[in-house]
Amino acid sequence: MARQHSPDLTRTLASGRQAQFVLDGEIVQLIVDGTPQSQVDRADPTSLGFGYIRHMGHVLDLAFRERQAITALHLGAGALSIPRYVEATRPGSRQQVIELERDLVEFVREVAPLPASASIRVRYGDAREQLAKLPRGLAGSVDAIVVDVFAGPSTPAHVTSVEFFQAIATFLAPDGVVLVNVADGHELRFARGEVASIRAAIGPTLLISDPAVLKGRRFGNIVAVASRDELELPMLPRLAASGFPPATVHSAPQTIEWLRGASEVHDAEATDSPVPGRGIFTTGRARERG
């Protein structure tokens with residue numbers, strides 16, 4: 001079935017941003033202000049369309065026992081691709097989602113409803129501010145924390161600093177993992193600063209991305225995977241390389257080399273992530289993102 005644009009699937013959010021769903025059979029893609037944000041297969045939530053989202057799924061598959069229910073915290077909702085994936089692959093998991101725009105989540109739920117049985121609670125507000133309002137019982141007990149926060153085409157400065165990731169770390173279980181979507185391009189100054197901040201606040205960090213992105217040859221998404229102790233995920237490089245586009249994995253020691261001595265970034269000097277060039281993340285190339 002050809003892709004369809006329908007006026008019924010377009011909405012102006014309270015922020016003034018334009019959100020739209022594009023349908024391709026049961027596959028729905030969320031686009032905000034012309035930039036693809038998320039993709040969901042309503043018939044199969046385990047099918048992850050964007051490269052960087054698939055990489056996150058691989059990590060979750062490998063870091064925990066098969067079908068083990070986990071506690072997860074998601075900062076940034078999009079179309080709730082990863083919460084749906086966790087629910088489908090790990091029934092009974094408890095999940096919290098923090099999203100700034102309530103009307104975006106309501107729009108997503110209209111087009112791609114969540115399973116009625118899913119234990120997914122959505123909280124609304126700024127990701128960093130809402131951390132302080134989470135239940136105290138979550139402290140030190142969250143198995144997986146996913147950070148994928150964007151305001152328009154960039155990640156706000158206040159959710160990229162050491163202080164932010166230190167706040168994240170207070171919720172992390174001893175054997176938990178933190179997955180962060182880092183977007184950058186030429187020279188990678190922003191990405192290196194954010195990854196250094198993640199390492200300083202949480203611990204050993206590995207990276208997954210297109211080799212060209214990791215070398216600063218083009219703009220794209222880098223998944224940073226942090227934990228208190230170095231993760232042993234021997235199957236991850238093969239899984240990352242088998243997708244499209246093929247990705248590579250930098251181990252924790254390789255990540256230290258990739259940082260090239262970059263220092264962590266604190267609140268006082270933090271900046272928004274760079275804005276991708278025109279046409280980098282167009283709808284026609286959405287499947288190549290990451």
Side-chain angles (χ1 to χ4, degrees), residues 38-41 44-76 78 80-97 118-120 140-148 165 168-169 171-182 195 198-199 201-211 213-214 220-256 258 287 289-290:
S38 300
Q39 182 170 297
V40 171
D41 186 334
D44 180 9
T46 67
S47 176
L48 300 175
F50 290 177
Y52 83 94
I53 294 289
R54 286 198 307 274
H55 302 155
M56 289 181 174
H58 292 327
V59 172
L60 294 174
D61 290 344
L62 297 172
F64 306 102
R65 295 191 312 274
E66 186 176 358
R67 297 191 69 79
Q68 172 191 345
I70 63 173
T71 298
L73 172 61
H74 309 266
L75 307 187
L80 299 161
S81 301
I82 289 292
R84 296 172 198 270
Y85 183 81
V86 170
E87 171 61 23
T89 58
R90 301 176 177 280
S93 293
R94 296 181 306 150
Q95 303 189 71
Q96 301 265 345
V97 178
S119 179
I120 301 174
S141 66
V142 179
D143 300 299
I145 302 176
V146 179
V147 183
D148 192 6
F165 289 111
I168 288 287
F171 294 96
L172 190 65
D175 296 326
V177 297
V178 177
L179 306 171
V180 185
N181 179 20
V182 181
V195 172
I198 294 167
R199 286 189 72 255
I202 297 167
T205 303
L206 61 84
L207 306 177
I208 317 166
S209 188
D210 183 321
V213 175
L214 286 171
N221 302 95
I222 299 171
V223 175
V225 184
S227 54
R228 299 192 187 282
D229 298 309
E230 187 171 339
L231 283 174
E232 298 291 339
L233 304 176
M235 295 293 292
L236 184 58
R238 183 181 68 80
L239 289 171
S242 66
F244 180 81
T248 191
V249 176
H250 279 4
S251 66
Q254 289 173 322
T255 296
I256 293 174
W258 176 87
R287 289 180 182 269
R289 185 177 181 183

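Shown here for Ala247 and Pro211, the closest heavy-atom pair between the two residues is CA-CD, 4.3 Å. What you find for Arg90 and Arg65 is that their closest heavy atoms are NH1-O, 2.6 Å. Between Val223 and Met56, the closest heavy-atom pair is CG1-CG, 4.1 Å. Looking at every heavy atom in both residues, Ser38 comes nearest to Phe50 through N-CE1, 3.5 Å. Listed here is the closest heavy atom pair of Ala144 and Ile70: CB-CD1, 4.1 Å. Closest approach of Ala241 to Pro246, counting heavy atoms only: O-CB, 3.5 Å.
Put simply, the side chain of Thr71 never gets that close to the backbone of Val142: no donor and acceptor are under 3.5 Å apart. A donor-acceptor pair is defined here as one N or O able to donate and one able to accept, closer than 3.5 Å; no such pair exists between the side chain of Arg84 and the backbone of Asp41. Listed for the Thr255 side chain is a donor-acceptor partner under 3.5 Å among the backbone atoms of Thr205. Side-chain atoms of Trp258 come within 3.5 Å of backbone atoms of Leu214 as a donor-acceptor pair (strictly under, hydrogens ignored). Looking at Arg54, its side chain does come within 3.5 Å of a backbone N or O of Gly49 through a donor-acceptor pair.
Here the rule is side-chain contact (heavy atoms from CB on, under 4.5 Å) with Leu179, and of Ile53, Val146, Ile145 only Val146 fits it. Checked options Val40, Asp148, Val86; the residue passing with Ser81 is Val40 (criterion: side-chain contact (heavy atoms from CB on, under 4.5 Å)).
Residue Leu172 holds its CG atom at 6.5 Å from CD1 of Ile202, rounded to the nearest 0.5 Å. Atom CD in Gln95 sits 4.0 Å away from atom NE2 in His74 (nearest 0.5 Å). Atoms CG and OG1, on Leu48 and Thr46 in that order, are 7.0 Å from each other to the nearest 0.5 Å. In this structure, the separation between OG on Ser119 and CD on Glu87 is 8.0 Å, given to the nearest 0.5 Å. Atoms OG1 and CD, on Thr248 and Gln254 in that order, are 7.5 Å from each other to the nearest 0.5 Å. A distance of 4.5 Å separates OH in Tyr52 from CG in Asn181, rounded to the nearest 0.5 Å.
You'll find the side chain of Leu231 stays beyond 4.5 Å of the side chain of Leu236, heavy atoms only. Between Tyr85 and Asp61, some side-chain heavy-atom pair lies under the 4.5 Å cut-off. Residues Leu60 and Thr89 are not in side-chain contact: their nearest non-hydrogen atoms beyond the backbone lie 4.5 Å or more apart. For the pair Ile208/Val59, a side-chain contact is recorded, criterion being any heavy-atom separation below 4.5 Å from C-beta on.
Listed by first and then second residue, the side chain to side chain donor-acceptor pair (under 3.5 Å) pairs that reach into residues 227-241 come to none, sequence neighbours excluded.
Counting heavy-atom neighbours within 6.0 Å of Asp44 CG, excluding the residue itself, gives a total above 12.
Taking the side chain to side chain contact (heavy atoms under 4.5 Å, CB included) definition, one finds that Ala173 meets it with Asp143, sequence neighbours left out. For Gln96, the side-chain hydrogen bond (donor to acceptor under 3.5 Å, both in side chains) partners at least two apart in sequence or on another chain are Arg123.
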For His55 and Val225, run side chain to side chain contact (heavy atoms under 4.5 Å, CB included): C-alpha distance rounded to whole Å, both residues' side-chain angles, the deciding distance at 0.1 Å, then the answer. CA-CA 10 Å; His55 302 155; Val225 184; over 6 Å; no

